Amino acid sequence: MALTLHSSTSFINLKDAKSFKAQEDFPVSISVPRFQASQRQRAIRSLKDEARVRIGRGLSEETRTKDGWEKLYAISSPHSNGTKVPVYVMLPLDTVTHGGNLNKPRAINASLMALKCAGVEGVMVDAWWGLVEKDGPMKYNWEGYAELVQMVSRHGLKLQVVMSFHQCGGNVGDSCSIPLPPWVLEEISKNPDLVYTDRSGRRNPEYITLGCDSLPVLRGRTPIQVYTDFMKSFRDRFREYMGSVIAEIQVGMGPCGELRYPSYPESNGTWRFPGIGEFQCYDKYMIASLKASAQGTGHGEWGSSGPHDSGLYNQFPEETGFFKRDGTWTTEYGHFFLEWYSQNLLQHGDRILAAAKGVFEGTQAKLSGKVAGIHWHYRTRSHAAELTAGYYNTRNRDGYLPIAQMMAKHGVVLNFTCMEMKDEQQPENANCSPEGLVRQVKMAAKTAEVELAGENALERYDESAFAQVLTTSRSDSGIELSAFTYLRMKKKLFEERNWRNLVEFVKSMSEGGRSHKLSESDLGRTNLYVGFIKERSERNIKEAVMV
């Protein structure tokens with residue numbers, strides 16, 4: 001038997017359907033053994049009692065089934081000497097609609113109840129610039145987010161909020177479309193150089209180019225000022241929750257919220273894995289910066305454009321003159337260009353994080369910044385895919401230490417992806433090494449003395465992926481993860497096997513990375529969580545059952 005919280009085929013309001021692509025709904029129908037009504041009610045009452053105390057204490061009720069006795073437990077308290085790594089779960093990208101409302105609040109409420117009982121620390125949500133400030137400059141609508149914050153607070157969870165100054169849509173995992181604010185798009189239509197541009201003149205609408213960070217190109221304000229005002233509005237609106245419910249602010253610094261250039265855009269088939277990508281420095285602002293830098297070195301001829309021999313999005317390093325084994329990247333010109341390109345990205349991150357620090361200082365909320373896990377062609381000498389994204393990381397140069405040091409300067413947590421990936425799972429011809437990349441970033445974080453947090457790069461529900469994160473979280477390099485955020489909450493997560501894997505994973509992370517496997521049933525009275533969740537309200541919420 002399964003009790004189901006029913007919802008429509010899409011996780012959006014009908015009135016917003018034109019604004020979103022179809023997305024799989026997430027909660028929730030999971031099979032559980034059949035119980036008598038009185039037994040189920042007794043279990044529900046017991047769970048409600050348990051919600052008033054710490055997760056980790058066993059439930060006192062026992063229920064009788066055909067197969068024997070079951071004892072209901074929440075996640076038990078850790079007993080190892082390892083450091084607890086709190087686990088967060090990302091909410092759907094369209095948690096707030098284009099209309100500014102909380103999307104499917106009953107489904108979110110039921111899911112938060114389940115996540116709380118599974119032992120997670122909290123959830124993560126994107127605060128989209130394109131939704132909050134869409135009605136005009138400095139006209140902010142936080143109402144949908146306010147409803148979410150209150151709901152998260154009621155469940156005793158914490159919230160990570162991403163200041164998402166980028167477009168949603170066109171990248172890996174993007175399931176809906178949320179463009180930049182209409183008034184910003186209007187400015188871009190009048191001045192296309194406001195966005196990143198490649199050598200062929202393709203404009204990328206995901207994010208405002210860093211070339212105009214300090215220019216008043218957005219109706220009298222600079223992009224940095226616009227981002228700062230947005231963060232101030234958020235702080236003022238949610239001041240009473242800062243540092244308690246809102247535990248972390250992740251500051252978006254580029255496409256996908258990551259500190260990088262949009263060098264591998266998937267939209268319209270422009271880029272396919274494992275292509276090397278292309279440099280994004282051809283808007284007039286970036287070219288002006290390049291010219292000034294080139295003249296400063298006495299090589300004015302270097303400032304007219306980026307490398308002419310760096311190839312196309314879907315080529316491999318050895319197919320280009322710039323990235324091949326002893327290519328142009330090893331020359332004086334190559335060093336000049338890569339230094340300029342990567343330093344511009346570092347300075348962009350420094351400007352935004354300095355602004356964020358000024359806004360959120362004293363709120364007790366942590367600040368974090370995200371770095372992309374570009375693991376393909378990592379085994380080559382040039383690390384071409386990392387170079388086009390702005391990470392000057394090669395066989396003989398550490399490109400992640402300067403990033404870690406910049407974040408350490410502002411007291412910001414370095415959040416890194418691809419924590420779930422193994423080298424052996426990658427295609428041979430792509431020269432991938434996600435494990436080597438993670439090790440390098442961990443060492444950079446240790447050297448810079450900056451906190452390191454992690455995410456999985458792709459949606460994974462299998463035991464192998466969770467096991468790899470557990471391995472990564474351990475302090476083999478002298479630095480442990482301060483937190484892990486799991487991508488992502490959707491219907492598939494609540495399927496029986498996947499849900500069990502998540503519960504096992506959360507318990508293991510709470511015990512400092514110790515692997516802990518739950519049994520298939522609870523007849524031996526193990527610490528398996530079996531949840532019977534029933535929520536009644538004025539809105540007539542239907543029953544939701546999680547195992």
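Because only heavy atoms are used, hydrogens play no part in the values below, and waters and symmetry mates are left out as well, while side chains stay in. Every value quoted in this text rests on a predicted model; they were computed, and no experiment measured them.
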Min side-chain heavy-atom separation [X]-[Y] under 4.5 Å:
X	Y	result
Met419	Val438	yes
Ser482	Val413	yes
Leu102	Met151	yes
Arg235	Thr363	yes
Val371	Asn415	no
Val245	Gln150	no
Leu91	Met489	yes
Ile249	Met242	yes

Measure from the ring center of [X] to the ring center of [Y] and say whether it is less than 6.0 Å.
X	Y	result
Trp128	Phe165	no
Tyr88	Tyr486	no
Phe234	Phe230	no
His348	Tyr207	yes

Item checked: Derivation and outcome, side-chain contact (heavy atoms from CB on, under 4.5 Å), residues Ser464 and Lys422 -> CA-CA 9 Å; Ser464 174; Lys422 295 181 180 180; 3.5 Å; yes

Check: Are more than 12 heavy atoms from other residues, nucleotides or ligands located less than 6.0 Å from atom CD of Gln425?
Finding: yes

Please report the shortest heavy-atom distance between [X] and [Y], naming the atom on each side.
X	Y	result
Thr95	Ile108	CG2-CD1, 3.8 Å
Phe466	Arg460	CZ-O, 4.4 Å
Cys418	Leu437	SG-CD2, 4.3 Å
Cys176	Asp94	SG-CB, 4.0 Å
Gly399	Gln440	N-NE2, 4.2 Å
Ile374	Ala385	CG2-CB, 3.6 Å

Note to self: Assess whether a salt bridge exists between Arg497 and Glu504, defined as any Lys/Arg side-chain N lying under 4.0 Å from an Asp/Glu carboxylate O.
What the structure shows: yes

Next item on the list: Considering only NZ, NE, NH1 and NH2 on the basic side and carboxylate oxygens on the acidic side, decide whether Glu459 and Lys490 come within less than 4.0 Å.
Entry: yes

Interatomic spacing from [atom1] in [X] to [atom2] in [Y] - rounded to 0.5 Å:
X	Y	atom1	atom2	value
Leu470	Ser508	CG	OG	5.0 Å
Leu345	Tyr392	CG	OH	14.5 Å
Ser111	Lys116	OG	NZ	15.5 Å
Ile403	Phe416	CD1	CZ	9.0 Å
Leu159	Leu148	CG	CG	5.5 Å
Ser177	His98	OG	NE2	6.0 Å

Donor + acceptor pair across side chains of [X], [Y] (<3.5 Å):
X	Y	value
Asn431	Gln426	no
Trp129	Ser164	no
Thr97	Asn103	no
His375	Asp423	no
Glu386	Tyr400	yes
Thr485	Glu455	no
Ser473	Glu480	no

Check: What orientation do Phe273 and Trp376 show, parallel under 30°, tilted 30 to 60°, or perpendicular over 60°?
Finding: perpendicular

Side chain of [X], backbone of [Y]: donor and acceptor closer than 3.5 Å?
X	Y	result
Glu420	Leu458	yes
His377	Pro274	yes
His166	Glu206	no
Arg488	Pro92	no
Tyr145	Asp126	yes
Tyr261	Ser342	no
Lys158	Val123	no
Lys370	Gly252	no

Next item on the list: Test side-chain contact (heavy atoms from CB on, under 4.5 Å) on Asn498 and Leu502 and set out the steps.
Entry: CA-CA 6 Å; Asn498 298 338; Leu502 177 71; over 6 Å; no

Next item on the list: Dump the intermediate steps for side-chain hydrogen bond (donor to acceptor under 3.5 Å, both in side chains) on Asn101 and Glu143, then the final yes or no.
Entry: CA-CA 7 Å; Asn101 304 309; Glu143 295 315 302; over 6 Å; no

Next item on the list: With Arg237 as the cation and Tyr241 as the aromatic partner, state whether NZ or CZ is under 6.0 Å from the six-membered ring centre and within 45° of the axis.
Entry: no

Margin query: Out of the candidates Glu361, Glu451, Glu248, only one should pair with Lys366 under the salt bridge (charged side-chain N to carboxylate O under 4.0 Å, His left out) rule; please name it.
Written below: Glu451

Next item on the list: Using the side-chain hydrogen bond (donor to acceptor under 3.5 Å, both in side chains) rule, take Gln468 and Asn456 through it: C-alpha gap first, then chi angles, then the decisive distance, then the call.
Entry: CA-CA 10 Å; Gln468 182 61 18; Asn456 49 313; over 6 Å; no

Checklist line | Worked check of side-chain contact (heavy atoms from CB on, under 4.5 Å) between Leu353 and Leu367 | finding: CA-CA 8 Å; Leu353 293 179; Leu367 289 179; 5.9 Å; no

Next item on the list: List the steps and the verdict of side-chain contact (heavy atoms from CB on, under 4.5 Å) for Thr417 and Glu258.
Entry: CA-CA 10 Å; Thr417 63; Glu258 298 166 336; 4.1 Å; yes

